[in-house]
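So the structure is just underneath, and the comments pick up after that.
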Number of protein chains: 2
Amino acid sequence: MRMGEGVEWALHSCLNLAWAQDGGAVTVARLAAYHDLPAAYLNKQLQALSRAGIVTSVPGPRGGFRLARRPEDVTLMDVVTAIEGPEQAFRCTEIRQQGPHGEMPGNSRRPCAISAAMRRAELAWRRELAARTLADVMSEAERGAPGVPGRVRGWFATASA
Amino acid sequence: MRMGEGVEWALHSCLNLAWAQDGGAVTVARLAAYHDLPAAYLNKQLQALSRAGIVTSVPGPRGGFRLARRPEDVTLMDVVTAIEGPEQAFRCTEIRQQGPHGEMPGNSRRPCAISAAMRRAELAWRRELAARTLADVMSEAERGAPGVPGRVRGWFATASA
DNA sequence: GAATCACTACTCGGATAGGGTGTGTCCGAGTATACATGG
DNA sequence: CCATGTATACTCGGACACACCCTATCCGAGTAGTGATTC
């Protein structure tokens with residue numbers, strides 16, 4: 001089970017957008033250059049974030065992306081869902097209903113216990129992601145390395161000038 | 001983020017093996033026929049379970065698979081890990097270290113907050129899966145449809161005869 | 001009649017192709033800016 | 001000097017190839033059983 005690489009890119013870009021927020025819109029080229037990522041593909045991820053209402057896009061010169069909501073109003077679950085899609089990782093295809101064995105009475109009503117257990121686990125994962133916002137991650141990062149946010153903002157400011 | 005289809009097959013097959021346990025080894029053909037699955041591919045999944053020590057394989061005529069441990073000693077996490085592999089879904093590639101910005105002091109020591117948050121969420125998922133065993137799922141299935149386990153065992157008994 | 005041996009049939013095991021999704025790239029639609037031009 | 005129209009450059013947005021991993025399949029290695037053969 002692998003999560004797409006775009007999730008990591010999107011999360012880092014969201015943090016950078018948050019730190020460089022009031023410096024105007026940031027182009028995808030700048031965001032990509034900061035981490036040496038392919039700009040066109042990162043653009044694709046930002047489009048997904050835009051469709052999800054996490055960032056807003058400004059076309060034309062002086063355009064770019066900026067955070068649509070405050071960092072404390074964007075959860076990690078929002079970002080992951082925007083990139084990876086809303087469907088569950090474990091997909092129950094109801095194979096118990098298939099096969100030559102006679103129809104088991106009661107099967108078609110109650111969901112199979114396997115599916116229920118898997119969904120429970122995934123719900124715990126989602127709950128954990130939904131409980132943590134961009135602001136939480138930002139403050140934790142700042143606590144670990146106090147100088148970084150200022151540097152990030154400075155880099156994006158000088159870069160855009 | 002999609003989980004392989006083999007996980008569902010492996011879990012159902014483990015349950016069937018547990019219910020038909022003392023009826024001797026069950027061939028992969030029987031297990032596959034019960035759910036109308038491609039036998040060769042299900043065999044691949046069972047090989048993975050065998051390598052993980054969840055089932056034991058018996059070659060030759062009268063051979064097949066049987067559960068290596070008691071159902072209460074096999075967690076869902078064991079099965080998922082055996083099929084999907086031990087690596088995490090979210091892979092931190094340390095993109096923060098890449099790019100033209102000067103080396104941020106302290107970055108190389110503390111893991112980035114994003115990775116930490118994602119790992120925390122995934123740990124919750126793993127913990128939930130590790131807390132539930134095959135025996136738990138079996139008893140829950142039996143509670144939902146009391147007749148099923150007996151039928152399953154009967155079907156495998158008649159099929160092998 | 002009993003033991004031995006070769007043979008057969010059946011099973012797992014790993015090596016081998018095909019398809020779908022993620023990954024990476026490209027060019028076009030749209031807009032704010034800058035400049036030349038006319039009043 | 002100021003307003004206006006136009007050309008331009010820059011941005012996002014979606015459409016287009018490539019690659020990798022999951023899916024699916026096949027054939028070979030190994031073994032228990034079976035029957036014939038011999039003592």
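Keep in mind it's a predicted model, so treat the numbers as computed, not measured. Residue numbers start from 1 in every chain, and the chains themselves are labelled A, B, ... in the order their sequence lines are given, proteins ahead of strands.
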Does a side-chain N-to-carboxylate-O contact under 4.0 Å join Arg91(A) and Glu87(A)?
no
Any carboxylate oxygen within less than 4.0 angstrom of a Lys/Arg side-chain nitrogen, looking at Arg120(B) and Glu122(B)?
no
Please report the distance, rounded to the nearest Å, between CE in Met1(A) and P in dT23(D).
13 Å
Apply ring pair (Phe, Tyr, Trp, His ring centres under 6.0 Å) to Tyr41(A) and Trp9(A), showing your working.
CA-CA 10 Å; Tyr41(A) 191 34; Trp9(A) 302 2; 5.4 Å; yes
Arg62(A) CZ to dC10(D) P: how many Å, rounded?
13 Å
Can you tell me if Arg127(A) has over 12 outside heavy atoms packed within less than 6.0 Å of its CZ?
no
Helical bend (five base pairs per end, nearest 10°) for the helix from dG1(C)-dC39(D) to dG39(C)-dC1(D):
0°
Would you mind reading off the distance between Glu5(A) atom CD and dC20(D) atom P, rounded to a whole angstrom?
13 Å
Can you identify which nucleotide, out of dC10(C), dA24(D), dC12(D), has its nearest atom closest to the Thr27(A) side chain?
dC12(D)
Before giving the answer on side-chain contact (heavy atoms from CB on, under 4.5 Å), spell out for Ile54(B) and Cys14(B) the whole-Å C-alpha distance, their side-chain angles and the decisive distance to 0.1 Å.
CA-CA 9 Å; Ile54(B) 295 174; Cys14(B) 278; 4.3 Å; yes
Close residues, residues 41-59 of chain A, relative to DNA chain D [heavy-atom separation under 4.0 Å]:
Asn43(A), Lys44(A), Gln47(A), Arg51(A), Ser57(A), Val58(A)
Which whole-number value in Å describes the distance from Met3(A) CE to dT21(C) P?
18 Å
Between Gly60(A) and Pro38(A), just flag the one whose closest nucleotide in DNA chain C comes earlier from the 5' side.
Pro38(A)
Side-chain donor-acceptor pair present, Glu8(B), Thr93(A), cut-off under 3.5 Å
yes
Of Phe65(B) and Glu84(A), whose nearest nucleotide on DNA chain C comes first from the 5' end?
Phe65(B)
Do Phe156(A) and Tyr34(A) touch side chain to side chain, with heavy atoms closer than 4.5 Å?
yes
Do Val74(A) and Thr133(A) come close enough that some side-chain heavy atom pair is under 4.5 Å?
no
Under 4.0 Å between a Lys/Arg side-chain N and an Asp/Glu carboxylate O for Arg126(B) and Glu128(B)?
no
Does the side chain of Arg2(B) get closer than 4.0 angstrom to OP1 or OP2 of dT21(C) through an N or O atom?
yes
Positions of residues 6-13 of chain A (non-hydrogen atom under 4.0 Å from DNA chain D), listed by number:
none
Roughly how many Å is it from CD1 in Ile83(B) to P in dC21(D), rounded to a whole number?
18 Å
Pairwise side-chain contact, Met138(B) with Trp19(B), heavy-atom cut-off 4.5 Å (strictly under):
yes
Does Leu49(A) form a side-chain contact (heavy atoms from CB on, under 4.5 Å) with Phe65(A)? I'd like the steps, not just the answer.
CA-CA 10 Å; Leu49(A) 293 180; Phe65(A) 290 93; over 6 Å; no
